[in-house]
Protein chains: 2
Amino acid sequence: MSTPGRGLHGRVLDALGPAITAGEYPPGSVLRTDELSQHFEVSRSVMREAVRVLESMHLVESRRRVGVTVRPRAEWNVYDPQVIRWRLAGADRPHQLRSLTVLRSAVEPVAAGLAARHATAAQCAELTECALGMVAHSRGHELEEYLVHDVAFHRVILTASGNEMFARLGDVVAEVLAGRTHHEVMFEDPDPAAVTLHVQVAEAVREGDAPRAEQLTRAITTGALQELDVLAP
Amino acid sequence: MSTPGRGLHGRVLDALGPAITAGEYPPGSVLRTDELSQHFEVSRSVMREAVRVLESMHLVESRRRVGVTVRPRAEWNVYDPQVIRWRLAGADRPHQLRSLTVLRSAVEPVAAGLAARHATAAQCAELTECALGMVAHSRGHELEEYLVHDVAFHRVILTASGNEMFARLGDVVAEVLAGRTHHEVMFEDPDPAAVTLHVQVAEAVREGDAPRAEQLTRAITTGALQELDVLAP
DNA sequence: GTGACATATAAGTCTGACTTTTTCGCCGGT
DNA sequence: ACCGGCGAAAAAGTCAGACTTATATGTCAC
């Protein structure tokens, strides 16, 4: 999914990033680059590159004569897809999943409304195709196939909104949906009501009915929130 | 405001980042690290650190035997505060401002609703204080003082929502509001109706009236959108 | 035309020496 | 006891050069 092993510094990041976001090095901790480079058995130059990336994510701050200090969580760039992935893989996965779902509940309805106004014919076609795909795999425990179409559906909505900020949340939504399917309790088939709502959203967008698209999508996201409340109270 | 000149690689970024986001190096362009390091008169190690940061922002991709290629805009990490600042400083500032305002219109109402449920007494106090400050400077062309309280107001709302993703948008909102005051046409005093709405939002949050806080905030953001439509059609 | 192989290219890595900034502790003065 | 300056140490920052590795591309035989 991501880009594993794109060089030595990447492998260092894949080890250090999750460790920091998991709180293994709590905020305020001080690291030293040459200790780290010894620990990971890489040269200082490679280590420095990794630290620079962590610094650009506001996970750490590097200062002379003091070292590399871990920043408080409130300052982290929590929208960085890499950071999101690290946190979803770590201990506070439930908390992170809730934050992201709340974000979805704010963004997706508005995005759907905009999509109803701006979607091209091709995007409308793709949307209905996705909705049909969801219907086709909504029974019989075909969760993986269902997930693929679900993700595609929301991606099209976000893209068709015409807003680049919304479009970039496609990856985030994909992570949330995948996380829900793979790690939460989800033995049963998806909620039939949710499936119907998706089909109706596709309809509304196709007909250019922005308020209806928005309201239906709001129903979807509040459903997702309630589901989360039930599973992780 | 930001962190200027935190090392040589930082200065390189401050030159290269805006150049890329401004389209000076269009997507697909290929740069070579040693050419760049000569151009900026820094060592290759410094240049490599800068490239790593740009890579973590998904602005460029570094591949062996090819060089550093600029990625298409659709792949940029547009939520990175640094990227936002670069783009706001560049040519497509109006476009960026619109994207961010649409994002605000999606997020802030939901955040206000959550704030009404979760805000502490101290946060409520701060909120009303901000609202009063806005009222106090709403006439007589005291735009700067007004801006300070406006930014603080929205920051408190986003923080009080209790959602870390929302809270982190405080900087973005601050940039948008500052941009509107400083660079757009804004000779007149702020809209009295908007001022009143802010006071009412503070009330609603204090009283724990989530639906009202949400709806009032929605009125604020749609007003901001309409204002943008008038100024930059 | 197709496939295997050689080659050139640019990024990637490592090492060691040097510089710069900043903290902390020491010391003397008040 | 307090404060201000002074010096030393510590850690990041910078640089230069040599070497390694992956890979795109072109060449040649078939």
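In the text below, chain A, chain B and the rest are named by the order of the sequence lines, each starting its count at 1. Computed from a predicted structure; not experimentally measured.
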More 5' along DNA chain C: A/Leu8 or A/Arg65, using each one's nearest nucleotide? A/Leu8
What residues, two or more places apart in sequence or in another chain, satisfy side chain to side chain contact (heavy atoms under 4.5 Å, CB included) together with B/Ala119? B/Gln123, B/Cys124, B/Ala160, B/Val205
A/Phe153: which residues meet the ring pair (Phe, Tyr, Trp, His ring centres under 6.0 Å) condition with it, sequence neighbours left out? A/His198
Remember a base hit wins even if backbone is also touched, and classify A/Arg63 as base, sugar-phosphate or nothing at under 4.0 Å, heavy atoms. sugar-phosphate
NA contact type, B/Val66, heavy-atom cut-off 4.0 Å: base, sugar-phosphate, or nothing? sugar-phosphate
For A/Leu132, give me all partners under side chain to side chain contact (heavy atoms under 4.5 Å, CB included), at least two apart in sequence or on another chain. none
Shortest non-hydrogen contact between A/Ala174 and A/Val151, atoms and distance: CB-CG1, 3.8 Å
Only pairs at least two apart or in different chains count here, so list each salt bridge (Lys or Arg N to Asp or Glu O under 4.0 Å) that has a residue in residues 109-132 of chain B. none
Using chain B heavy atoms and a threshold of under 4.0 Å, write down where along DNA chain D the contacts begin and end, 5' to 3'. D/dT14 to D/dA24
Pair listing, salt bridge (Lys or Arg N to Asp or Glu O under 4.0 Å) test, anchored in residues 144-154 of chain B, at least two apart: B/Asp150-B/Arg180
In chain order, what residues pass the side chain to side chain contact (heavy atoms under 4.5 Å, CB included) check against A/Arg44, with sequence neighbours excluded? A/Asp34, A/Ser37
Within residues 99-114 of chain A or reaching into it, pairs that qualify as salt bridge (Lys or Arg N to Asp or Glu O under 4.0 Å) - sequence neighbours excluded: A/Arg104-A/Glu108
Could you list the residues that satisfy ring pair (Phe, Tyr, Trp, His ring centres under 6.0 Å) with A/Tyr25, not counting sequence neighbours? none
Specify the residues of residues 30-45 of chain B, ordered by number, for which at least one heavy atom lies under 4.0 angstrom from an atom of DNA chain C. B/Leu31, B/Arg32, B/Thr33, B/Asp34, B/Arg44
Under 4.0 Å from a heavy atom of chain A: give me the 5'-most and 3'-most nucleotides of DNA chain C that qualify. C/dT13 to C/dT23
Applying side chain to side chain contact (heavy atoms under 4.5 Å, CB included) to B/Ser99 and not counting sequence neighbours gives A/Asn163, A/Glu164, A/Met165, B/His95
